[in-house]
Each structure stands twice: as C-alpha cells, then as structure tokens.
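What follows is a short report on a single structure.
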Number of protein chains: 2
Amino acid sequence: MEHDKARKSIKLQDIAQAVGVSRTTVSNAFNRPDQLSPELRDKILEAAKEMGYPGPNPMARMLRTGQTGAIGLVFGESLPYAFNDLAAIAFLRGVSRVCERVKASLLIVPTLESDAAQKTIEQATVDGFIIYNLPDDSEALVRVLDRQLPVVAVDQPSLKNVPSVGIDDRQAARKAATHLLSFHHKQFAIMAMELRSDLYVGLVDAQRLEHCTHQITKLRLRGYRDALEEARIDFSQVPIYECRNDENHAREVAMTLLQRQPRPTAILAMSDILAFGALRTAQQMSLKVPEDLSIVGFDDIPLAWQIRPRLTTVQQPLVEKGVLAAELLLSKSVTKTSKVLGTRLVVRESSGVAPTV
Amino acid sequence: MEHDKARKSIKLQDIAQAVGVSRTTVSNAFNRPDQLSPELRDKILEAAKEMGYPGPNPMARMLRTGQTGAIGLVFGESLPYAFNDLAAIAFLRGVSRVCERVKASLLIVPTLESDAAQKTIEQATVDGFIIYNLPDDSEALVRVLDRQLPVVAVDQPSLKNVPSVGIDDRQAARKAATHLLSFHHKQFAIMAMELRSDLYVGLVDAQRLEHCTHQITKLRLRGYRDALEEARIDFSQVPIYECRNDENHAREVAMTLLQRQPRPTAILAMSDILAFGALRTAQQMSLKVPEDLSIVGFDDIPLAWQIRPRLTTVQQPLVEKGVLAAELLLSKSVTKTSKVLGTRLVVRESSGVAPTV
DNA sequence: CTGTTAGCGCGTTCAC
DNA sequence: GTGAACGCGCTAACAG
C-alpha cells in the first residue's frame, strides 16, 4: 500500500493547525456538529478531506470512550467448521440482524483450543461476548469469562452467572423419539454430534456417555433416552454413534449403522445434516424412506424441506436465538434472565410406520 | 453485569504496585515471558488473578502498537441477507480459514447504504478491509477507501489501485450459455441478480442494462450475450428478470417467465439459488427438467448436487476466493497483483437437449 | 533481568 | 463558539 509511508499518519492536530483552530474544534466538527457553526464545520471537513485525513483514529477514540461498538462472537468449533454448519449460520443471521439495527459490528474470534495462544480472546476489542456452544471444559470459556465483559451464552444452560438463550434440548429430543415410537419402531440408532472435543468418532460406550462435555449433545441424548425407556426399550442396547456434523461423514456412519443386525428401522439424528447423510446412504442401499427406514433430524434448516423426501425434524428457532442473544447482550438490564425458546416437531416425509418384519 | 461498578477498572499500574515492581515488568510478564524470571512472572500473574485483573486492556495496546489483529469484512448487501447467501458463506469460510491460521479475528461490518451513519466503517478497528461485491456507486466503498488501510476487493475487478480476487465472470457466464446452445436451445430467459442497489425487481429494459452498477451482474450478462449473439439470437428479445437472490422470490419470477409465450426452454440463472427456485416452479407446473426445460445455475453450492435433478452449473472456487483475499490482504507485498481464478461448467442433470416443438 | 521516560491520538471537562 | 489541560492504559526504547 502506498499510504503508509507517504504521509506520516496525519492526525487531528495537524488539520487543526492547518485550519487555524484548536484540536477540540476539529474533534467537534467530526463528532458534535451542533457545537460549532456549519460554515466552520464545512471548512474543517473540507480541509480534512484535502489533507487526506482518514478521520479520528478509532483506536484512540475507543481508548478514550471505552466503547468499541462491536460485539464478540466465540464459537465452540473451528471457524471454517462453524461456517459449514447451517444451524450456526442461521443463528449468525439473527445476531447480524440486531447488529445492523444498532449499528454494531460483529467480531468473530477464532479460538484454537489446542493452542496456548488464546490471545485472540484477550485481544478482542468488544463490548461483550456471545459464546455459542462452548464445551464445558473449554479453555476459551475461561478466557472469555476472564475478560469481565458482559457475556451471553447460547445453548449452554449450565453456566453460573451467565444469562443464556437456548431451547429445552431434552424435551425437544424427546419429541423426536416419541414420534417414532408412535409409529411402533423398536430398532433405533442414534447419530450424535460430538460428546467431547477430542475428535473421537465412533460408537459411544457407557463411560463416554457419562463424561459428555457438550451440553446440547448430553441433553438430547437424555431426551431420546427418556422416551425410549418409557417405551420399555433398553437404551443401553441402542447404538449411539458419534459423528462429525458433516454430510460425508454422516453417510459413512449411516452405512455402518444400517449394516448392523438387526437393522435399525429408525434413526434419530441430532442435526439435519446428519439426517441428510443417513437419507442418502439409505437411498444408496436401496432402502426406501420412510417405508424401510424412518429418519428424524434436528434444527429444520432449509435443506430439510428442499430435499426429497422432505425431512421430519425438530424445528428450533435458530434465527431468533441469535436475535435474542444479541439483544440480551446489549440490554443493560442487570436481570440475567435466561430465555428458553420453543421447539416443535415438524412431520414430513422421512418418517413413517415401522416395517413389519 | 456486576463487574463494571465493583472494581474501579484495575490496571497494570495497580498490580505493579501490589507486587512491588514497575509497570513495564508487569507488562512483560504478560507479553514477553522471556524477559523476566519465571518465578517473578508467576508471582505477578498470580497477583493479577487474585486482584481480578482482566489482562492488558486491548484498546490501549492497540493504540500503542497500531495493530488490531483483526481484518474487516464489508459486504455489498445487508448482513442478514449475506448470511443467507450460500456463496457468500462459502467465501467467508475461506476467509475464516486464514484468520484461524494467523490468529486474526474477523470484524464483520454492517453498512446501511441509506443511512448517513456509515460510522461503522469509520469506527472499525481493523488492520485492513476485504470488500465483497460492493456496487460501484456504494457509499461504503468510499468510506472504506477513506480509511487508508490496505484493501482487497472481491468480485470487483474495476477498482483502481485496489488488488482484487475474482473470476472471469463474463467468460464463466458465456460457458453456461454456450452449453445450452449446444443443446439447440433457442428460447432463453435470464434470471439475474440485482443490477443496481435500488431494490428494483422485474424485467430489465435496455436503459437499466446500461446503468448496471453491480460488476458481476454486468459481466455475466455480457457473457450470456456474447454467446447468444454469436449464435445469432437477438439478445434484446431475451427476457432478463432481475430477482432477489432468494428461493421464494425466484419461484415467483420463474412462474412469470415460464408463462411467457413462447415459453423459454432454457433458463440461465445467475446463482444456484435462483436456479433452484426455477426448478421447483417447473416441477410445480409439471414441466420436466431437463426434458421440457433446461436450467443452468451459477456458483455450485452444495445444494446444487444435494437436490434432484442435480443442477448443471458454473462452478467457481468460492472458498478459495476467501482464502486468497485474506492472504492478499495480509501479505505485505506491495505488488498489487489481482488474481483471477478459474471456473468450469459442471454438467449434471438439469440441462438437456431442447424439446422439439 | 528491571525500571525510567515518552508518547500512541483522541475526547472531555471547564473556563473563556 | 472556542481552546488549554488532562489522562484513557499501555508498550517501545533505552539505560541500568
């Protein structure tokens, strides 16, 4: 870039000198139009433009005012991964809607869990943080809390002293399972999102089940279990497969699951992406959905109704979660009210009566 | 939040005093571990923790160092809209990959075109900007340029002195049209993205065609025209419909287009979302794709191959665009090399031989 | 390894 | 409507 060296970074002072007024007056010209005559203001602004003044330095202003005009967003997953997750994107849409309304910027902070360099969080110049789905043992979580800024948590009901917005994951998952039970299914399989942040992938045993650090996964598993056990199904015999939330991996996992004997007639998937993968695998195996296999997803992202058969799924208000999180963060209210939003089962074409054996 | 009033914002100085060392030493304890003995460092850090010190104030640090550790991103569309655009999201994924690698944050700056309050751009504490698809006459564009920071433009080949990354939109669009021509299509219709930022929606007349401020729309239209005119088709007779890049609107527009006499046998859509809308409308009208109607999209987002029939489309390296833009911005190289990435036509199931009348 | 000295560029009283 | 003074909290030299 040429600018850097050209001018020795011209500042408020310089243009004050050029116009022959004091620094304050120039500052006022930019920030308080009502504090000086329009003529003078125009004169100053013009001089500034001529001299190529980039405007009051935002960093200096921030230091002075203590306000950044930005809200921070920390995801529990890596950024490229989050931007691959349509549920996260929908949430982001909600947040961005509020940002736009209040003219705040959105600082998305990457957080390499493994890396000691959690500097990004310490460096973030924001007025507060929204944390999205951080695992309980997350290093990022303590870093955010250390900043002593306002925080709102999303999908993390368990944090003390941190207002949160989310859904009743347990209840929502239960709805999905109950729906399938009403169709007389007996052979279930569960495609779960990650239980811990250790990149493990595979069947989940009892011990791992106990040590689940991802709240929503844990709660949804409980919801499935609630329903299944109520129907006298031995939950310990239900295969739970931990997957990456990714179509291709979901396809592989579904393949494994569908080759088990007895073959599941119903798949409970913790996201629509996982459900979609299962659907494609079923089609590839020439299994008819829902005649041979029922699938219920979670989230109700657009894909759920764009594909055929349309996905039966648990709808959750993703965008609204974002809106509320942002509003909660911005509201000065000391009342740390946590919001629990509603969900509903949307029955479409991927679920039906269990096949008779 | 409780923190604000509780402690009178404790600072470096305070903890220096408490431990009985100088401010610098405390600063070093945080930023340069190698500059003091481990014991002292631990002692300082512990004292800091006890006193509830949130760490060196990022704003003050920024002012001092002149570095923000963040890169700004400005979209040509409203934020909620951008987060609805899967092509933009894929681009974002690319940017975020680089951010994560270099531990930089990503500041997404909303920009209400109509609003005089373009403050967000002036206030953004970033080391540089990536601008994505800003219209030529955009107020935001001049604001960004005014900041005199490094800038990289995406999909905006025409800016002077601003390195850019993009594709050859004209050539890419031409491929789509040529493909359909090879199937002997004669009756075309074009579903275009916006030509200007005035929220107009409807058929595009010659005059509007002349005053197109959105580069990529303009270039793609030219590409379509190049191919069509080469095939002796009167381009002025080809209906061009300007749509919002949104599935529902695309469906309506497609309905209008497909009710024209003679009915188009081929639709050139400037995005996969538009193509998808057309596809659904065709199905709803009981038109067979591709037997009765061929459709070619643009972008090759996942949806293109997730739906049936799969979409024939022009693939562009969306993620790579993001990666390159970010890398270009971060590279100190004074060489303002603009990158033009390759595209290719992906022939799938939504295009075929023109129906015989 | 430690401390001293200087600002980074600005916003805000408060007098004039 | 204007200007002088003060300090936001920190880091970069450099000297010890």
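Just so we're clear, the structure is a prediction, and the values are computed from it rather than from any experiment. In what follows, chains are A, B, ... by sequence order, proteins preceding strands, each numbered from 1.
In this model, the phosphate group of C:dC10 is approached by a side-chain N or O of A:Tyr53 to a distance below 4.0 Å at OP1 or OP2.
Pairs of residues two or more places apart, or lying in two chains, never qualify as ring pair (Phe, Tyr, Trp, His ring centres under 6.0 Å) while including a residue from residues 134-153 of chain B. Residue pairs satisfying the ring pair (Phe, Tyr, Trp, His ring centres under 6.0 Å) criterion with at least one member in residues 21-40 of chain B, sequence neighbours excluded, are listed as follows: B:Phe30-B:Tyr53. The stretch residues 91-110 of chain A participates, sequence neighbours left out, in these ring pair (Phe, Tyr, Trp, His ring centres under 6.0 Å) pairs: A:Phe91-A:Tyr132.
What separates NZ of A:Lys11 from P of C:dG11 is a distance of 14 Å, to the nearest Å. Atom C1' of nucleotide D:dC10 and atom CD of A:Glu122 are separated by 15 Å, given to the nearest angstrom. Rounded to a whole Å, the CE atom of A:Met51 is 15 Å from the C1' atom of C:dG9. In this structure, A:Asn31 places its CG atom 13 Å from C1' of C:dG9, rounding to the nearest Å. Residue B:Phe30 contributes atom CZ, which lies 9 Å from atom P of D:dC10 at whole-angstrom precision. Between B:Leu12 atom CG and C:dA6 atom C1' the separation is 16 Å, expressed in whole Å. The distance from atom CD of A:Gln123 to atom C1' of D:dC10 is 12 Å, rounded to the nearest whole Å. Between the CD atom of A:Gln13 and the P atom of C:dG7 there is a distance of 14 Å, rounded to whole Å.
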Tabulate below the donor-acceptor pairs under 3.5 Å that side-chain atoms of residues 74-84 of chain A make, not counting sequence neighbours, or state none.
unit_1	atom_1	unit_2	atom_2	d
A:Ser78	OG	A:Tyr81	N	3.4
A:Tyr81	OH	A:Asn245	N	2.9
A:Asn84	OD1	B:Arg93	NH1	3.3

Side-chain donor-acceptor distances from residues 36-44 of chain B under 3.5 Å, at least two apart:
unit_1	atom_1	unit_2	atom_2	d
B:Ser37	OG	B:Leu40	N	3.2
B:Arg41	NH1	B:Ala29	O	2.3

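Side-chain contact annotation: B:Gln215 with B:Asp155, donor-acceptor N/O pair under 3.5 Å absent.
Other residues, nucleotides and ligands contribute only 12 or fewer heavy atoms inside 6.0 Å of the CD atom of A:Glu46.
Qualifying salt bridge (charged side-chain N to carboxylate O under 4.0 Å, His left out) partners for A:Glu327, counting only residues two or more places apart in sequence or in other chains: A:Arg101. The salt bridge (charged side-chain N to carboxylate O under 4.0 Å, His left out) search around A:Arg32 returns none, not counting sequence neighbours.
The stretch residues 55-66 of chain A touches DNA chain D through A:Leu63, A:Arg64, each having a heavy atom under 4.0 angstrom from the strand.
Among the protein residues, B:Arg41 comes within range of no part of the nucleic acid, since none of its heavy atoms lies under 4.0 Å from any strand.
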List every contact pair, protein side and nucleotides 3-5 of chain C side both N or O, where the distance is under 3.5 Å.
unit_1	atom_1	unit_2	atom_2	d
C:dG3	OP2	B:Ser22	N	3.1
C:dG3	OP2	B:Thr25	OG1	2.9
C:dT4	O4	B:Thr24	OG1	2.8

